[in-house]
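Computed over heavy atoms, backbone and side chain alike; hydrogens, waters and symmetry mates excluded. Everything quoted here is computed from the prediction, not taken from an experiment.
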Amino acid sequence: MAATLFTIIALVTFTSTATGLGQYPESDRLVDQCMAKISSRCAIYTTAEMYGHGPLKQNGCCQEIYYMGQFCLNLVTRHVIEALVPKLEGVQKQDIVEKSTQIWYLCVPV
């Protein structure tokens, strides 16, 4: 069940900008550009990692996170929060933001 939820969140993140769920077209374009920098496989692992269920580093996705950049990671995270969190019970926005920051520092050498 949890794996299904993670997959749904990642896929909705991919498709929501294409279907016009975002409120601002320029923001949608930025999200699309950012999402183009990461494979769907790594997007799913990243989403799973946000919920503590993904071996992100072991699957080679940290390179994609690094290439994506912190700005894009934050932008996509905010997009997920705006588009999905209101629809998911028990998910705290601040927890997702904090986990996104943890993922960045997990993947990027200091």
Side-chain angles (χ1 to χ4, degrees):
M1 177 68 173
T4 303
L5 176 63
F6 303 139
T7 303
I8 290 169
I9 290 171
L11 293 175
V12 169
T13 299
F14 284 129
T15 59
S16 63
T17 58
T19 58
L21 291 177
Q23 294 177 342
Y24 307 105
E26 64 279 356
S27 176
D28 290 348
R29 280 190 293 271
L30 284 173
V31 172
D32 286 343
Q33 290 170 355
C34 288
M35 291 304 295
K37 296 179 181 182
I38 189 169
S39 67
S40 58
R41 180 182 68 84
C42 286
I44 290 170
Y45 281 122
T46 302
T47 303
E49 184 74 34
M50 285 188 173
Y51 293 92
H53 295 77
L56 181 69
K57 210 169 187 178
Q58 292 86 347
N59 286 296
C61 293
C62 278
Q63 286 180 315
E64 290 188 34
I65 295 289
Y66 180 74
Y67 173 71
M68 183 182 196
Q70 190 171 19
F71 171 81
C72 280
L73 180 61
N74 292 339
L75 181 69
V76 171
T77 300
R78 280 192 309 258
H79 177 75
V80 169
I81 289 169
E82 291 171 6
L84 297 175
V85 170
K87 299 172 188 167
L88 301 174
E89 292 183 26
V91 177
Q92 299 295 321
K93 293 178 182 182
Q94 188 58 36
D95 292 344
I96 294 173
V97 171
E98 289 173 7
K99 191 62 180 178
S100 175
T101 301
Q102 291 172 5
I103 287 171
W104 177 254
Y105 288 111
L106 170 74
C107 288
V108 177
V110 178

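Looking at Gln70, its side chain never comes within 3.5 Å of a backbone N or O of Trp104 through a donor-acceptor pair.
Rounding to the nearest 0.5 angstrom, the gap separating the OH atom in Tyr45 from the CD1 atom in Ile38 is 12.5 Å. Rounded to the nearest 0.5 angstrom, Leu73 CG and Ile103 CD1 are separated by 6.5 Å. Atom NZ of residue Lys99 and atom OG1 of residue Thr46 lie 11.0 Å apart, to the nearest 0.5 angstrom. Leu75 contributes atom CG, which lies 10.5 Å from atom CE of Met35 (distance to the nearest 0.5 angstrom).
Hydrophobic clustering of Ile, Leu, Val, Met, Phe, Trp and Tyr side chains at less than 4.5 Å, counting indirect connections, keeps Tyr67 apart from Ile65.
Cys72 is linked by a side chain to side chain contact (heavy atoms under 4.5 Å, CB included) to Cys34, Lys37, Met68, counting only residues two or more places apart in sequence or in another chain.
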Under the criterion side-chain contact (heavy atoms from CB on, under 4.5 Å), I'd like the reasoning laid out for Glu98 against Thr101: C-alpha separation, chi angles, the key distance, then a yes or no. CA-CA 5 Å; Glu98 289 173 7; Thr101 301; 5.7 Å; no
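Screening Gln63, Glu49, Glu64 for a side-chain contact (heavy atoms from CB on, under 4.5 Å) involving Cys42 leaves a single residue, Glu64.
Cys61 places a side-chain heavy atom less than 4.5 Å from the side chain of Arg41.
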